[in-house]
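Report on the following structure.
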There are 2 protein chains.
Amino acid sequence: MANIQEVADKAGVSVATVSRVLNKKSSVSPKTRVKVEAAIKELNYEPSMLGRNLRNSESRILLVLIPSISNPFYTEIINGIEDTALNSNYHILLCDTDSNPLRENIYLNMIKNKLADGVISMDPAVNKKRLNDLAKKYPIIQCSEYDDAGHIPHVTINNELAAYRAVKHLIMLGHKSIALINCDEKFLYARQRRQGYERALNEFDIPVRKEWIYNTDELLFENGIRAMRKLLQLETTPTAVFAVSDTLAIGALKEINENGLKVPEHIAVVGFDKISFSNMTNPTLTTVSQPMYQMGCVAVQMLINKIKGEDVESIILDHELIIRESTMG
Amino acid sequence: MANIQEVADKAGVSVATVSRVLNKKSSVSPKTRVKVEAAIKELNYEPSMLGRNLRNSESRILLVLIPSISNPFYTEIINGIEDTALNSNYHILLCDTDSNPLRENIYLNMIKNKLADGVISMDPAVNKKRLNDLAKKYPIIQCSEYDDAGHIPHVTINNELAAYRAVKHLIMLGHKSIALINCDEKFLYARQRRQGYERALNEFDIPVRKEWIYNTDELLFENGIRAMRKLLQLETTPTAVFAVSDTLAIGALKEINENGLKVPEHIAVVGFDKISFSNMTNPTLTTVSQPMYQMGCVAVQMLINKIKGEDVESIILDHELIIRESTMG
DNA sequence: GTGAAAGCGCTAACAT
DNA sequence: ATGTTAGCGCTTTCAC
């Protein structure tokens, strides 16, 4: 591969001039420009990012931490991130942390090693202390999940309100026995959604029953199945279920079906996230829609501003309750 | 951030010695090693990959081209890719090409720009000429989908045989009216799976009926719904459907249900890929399982060998027919 | 408008 | 075992 020196030689100019043509910034006479461009074409020259990046002390790569690439919730966010990053001439390095601290560490080190210019973290299981420490020196944004005790700018939705609305929807339909399939409450969003759930019940003087709140380790289908199985074994079973993710809700749907019960006639179900699959279940799933694509775009914009050294404020985006067959057959 | 020079100064040695400690290759006396390590710790030094990469003329980044991150088929492959790459100290840059030539171009340029050391392409819609040209100069591997006319090493399964087996399974159950929901046959895998479909029919003297072969543009749920809708409008409707992806099959399932028909009593359905969701449908989906994780691992290993300059042979992996409720209620 | 030269941080060949 | 030094490919200041 040709380098900038060879281009300069062929064009009969200095490397500085070639660089000027490449970067279009400072002025080059039309004549020399043409000469240089001809030399570039002739030699099939492509500038090396390795040299440029070292010189500019940047990698133009953004790190994106997600707990699991298999979770469809993240795919739309990533689309937003990728589009926006590409537009600003950044590339993204997608890091499936598997919520594994070791892996997380490997990736987070990249920013220290100058291999990444900034980080968007979407992993609820991220080591918060580590992230906050890093954020003092490096540009970091949290997307969707964040640390309420920390000082890292984030973009997210109002989880408490979204859960409140979902549960209120069930109450308005006449339900009084409403179960909650939640994730582990070490996660902020899980705590917030539980608060919304309880606020709705309290508002209508419906007592909160411990046995109707089930906490899962992960958000997989299987967890939804297991949770629903437990709930169906209680002496009094709920007539409605609010699950904090569509994957959990779909697992619940399946288990309800398996027991010969009908949704929503016997039990109504609400999910969260509006993953593409939530429209393919039978019945289709009532769910809370987050502006995932937009969330990704905003996160990148915030991060780029942060990289530029600007001050960045956290942003709360809107959500929407999508009412489908699983609550209103 | 401290650089290697500062560490050398603080430790009272030369930069070469610091580099030796860092890279553990050549010998350093225990005493100096301790001194250097102390200096590194004290200064919180982290080696810059920008400098190292320029010097070594490598980025240690592998490009992975996928048509769409939303397709769950790819997520398991990516897991395999990521694990294997990380083990060999490579990072992966995931490129959602959206089957868009412009985007593809942006990404493929990265390898010319030295920003990537090699490419794994999984995009069936990739510009084959472009890829073959690039492959002459740069390390490239194709995964899952490949170009039978080209010379790029690939890892894949025997699509013809897999389709043959799936259709034969339906025939053995007594079906004689078997539809095929295929993707656009500009894709090699689509042509191969159609061949397998036809071979099975021919073997049992079942005529191939044009109106029972439906080609879709994409592999989305919606395409499956539309395809099934068409098939159900025919005067003679099939009693079984083989769809070349689970997403299509799940769409078909939904449309069959919508029409008040039962799977598999009225119509049996077979999918392809064994995505995690195929186990959550009602009924669960009979499907062809590809060793996706392994495919990812193998692809990376092949690519790394190629980067090292070794000769690399294409590899065909095994598949498996997973029989579930959608064919045997 | 253009060129000479310094230097980003690192590794490795060569010298000691 | 350790130090000296060149150089990977590029951008940018400073001259002219």
Side-chain angles (χ1 to χ4, degrees), chain A residues 1-40 43-61 89 109-117 138, chain B residues 1-40 43-61 89 109-117 307:
Chain A
M1 279 302 289
N3 62 21
I4 199 172
Q5 183 65 60
E6 297 174 48
V7 175
D9 292 349
K10 170 137 282 173
V13 299
S14 74
V15 293
T17 301
V18 178
S19 177
R20 288 188 185 103
V21 172
L22 252 29
N23 295 294
K24 307 193 197 308
K25 302 199 195 275
S26 43
S27 46
V28 178
S29 82
K31 269 188 243 169
T32 23
R33 156 163 289 116
V34 170
K35 272 195 301 184
V36 171
E37 279 165 352
I40 289 176
L43 292 171
N44 250 308
Y45 168 73
E46 300 274 350
S48 158
M49 290 305 163
L50 297 178
R52 177 177 293 174
N53 287 347
L54 173 59
R55 173 62 222 229
N56 291 345
S57 214
E58 62 174 12
S59 63
R60 297 207 79 80
I61 286 178
N89 210 10
N109 269 331
M110 296 181 70
I111 194 170
K112 291 192 174 178
N113 293 334
K114 298 269 185 189
L115 250 178
D117 295 344
Y138 305 99
Chain B
M1 278 299 290
N3 62 21
I4 199 172
Q5 184 64 61
E6 297 174 48
V7 175
D9 292 348
K10 169 138 283 176
V13 298
S14 73
V15 291
T17 300
V18 178
S19 177
R20 286 186 187 104
V21 171
L22 251 30
N23 295 293
K24 308 196 197 304
K25 302 201 195 275
S26 42
S27 45
V28 179
S29 82
K31 267 188 245 169
T32 24
R33 155 161 292 115
V34 171
K35 271 196 301 185
V36 171
E37 279 164 351
I40 288 176
L43 292 172
N44 251 308
Y45 167 73
E46 300 274 350
S48 158
M49 290 304 163
L50 297 177
R52 178 177 293 174
N53 288 347
L54 173 60
R55 173 62 222 227
N56 292 344
S57 211
E58 61 173 16
S59 63
R60 296 207 79 82
I61 286 179
N89 210 11
N109 270 331
M110 296 181 69
I111 194 168
K112 290 192 175 177
N113 293 335
K114 296 271 186 190
L115 248 178
D117 294 345
I307 290 172

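Lettering of chains follows the sequences in order, A, B, ..., and the numbering in each one begins at 1.
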Self-check item: Atom-to-atom span, NZ of Lys24(B) to P of dT11(C) - whole angstrom
Solution: 12 Å
Exercise. Can you measure from OH (Tyr45(B)) to CE (Met1(B)) and round to the nearest 0.5 angstrom?
Key: 8.0 Å
Exercise. Measure from CZ on Arg55(B) to C1' on dA6(D) and round the result to the nearest Å.
Key: 8 Å
Exercise. Working to the nearest 0.5 Å, report the span between CD of Glu58(B) and CD1 of Ile61(B).
Key: 10.5 Å
Practice problem: State whether Arg52(A) places a side-chain N or O below 4.0 Å from either non-bridging phosphate oxygen (OP1 or OP2) of dT11(D). | Solution: yes
Self-check item: Ile4(A) CD1 - dG9(D) P separation (whole Å)
Solution: 11 Å
Exercise. Whole angstrom is fine here: how far is it from CD in Glu58(A) over to P in dC10(D)?
Key: 15 Å
Quiz item: Does Arg20(B) use its side chain to pair, donor to acceptor, with the backbone of Ser27(B) at less than 3.5 Å?
Solution: no
Quiz item: Which whole-number value in Å describes the distance from Asn23(A) CG to dT13(D) P?
Solution: 12 Å
Practice problem: Could you tell me whether Asn53(B) contacts a base, only the sugar-phosphate backbone, or nothing, with contacts defined as non-hydrogen atoms closer than 4.0 Å? | Solution: nothing
Self-check item: Heavy-atom side-chain proximity of Val36(B) to Ile40(B) below 4.5 angstrom
Solution: yes
Quiz item: Is any side-chain N or O of Ser48(A) closer than 4.0 Å to OP1 or OP2 of dC8(D)?
Solution: no
Quiz item: Met1(A) CE to dC8(D) C1': how many Å, rounded?
Solution: 15 Å
Practice problem: Specify the residues of residues 9-20 of chain B, ordered by number, for which at least one heavy atom lies under 4.0 angstrom from an atom of DNA chain D. | Solution: Gly12(B), Val13(B), Ser14(B), Val15(B), Ala16(B), Thr17(B), Arg20(B)
Practice problem: Check whether any side-chain heavy atom of Thr32(A) lies under 4.5 Å from a side-chain heavy atom of Val21(A), and answer yes or no. | Solution: no
Quiz prompt | Any donor-acceptor pair under 3.5 Å from Asn3(A) side chain to Gln5(A) backbone | solution = yes
Quiz item: Would you say the side chains of Asp117(A) and Ser59(A) form a donor-acceptor pair under 3.5 Å?
Solution: yes
Quiz item: What does Ser57(B) touch in the nucleic acid at a heavy-atom separation under 4.0 angstrom: a base, only the sugar-phosphate, or nothing?
Solution: nothing
Practice problem: Starting from C1' on dT11(D), measure out to CD on Gln5(A) and report it in whole angstrom. | Solution: 14 Å
Self-check item: First encountered from the 5' end of DNA chain D, between Lys31(B) and Tyr45(A)
Solution: Lys31(B)
Quiz item: Hey, does Leu54(B) reach any base, or is it just sugar-phosphate, or nothing, if we go heavy atoms under 4.0 Å?
Solution: base
Self-check item: Interatomic distance where NZ belongs to Lys114(B) and P belongs to dG9(D) [whole Å]
Solution: 8 Å
Quiz item: Taking the nucleotide of DNA chain C with the closest heavy atom to each, which residue, Asn56(A) or Ser29(A), is nearer the 5' end?
Solution: Ser29(A)
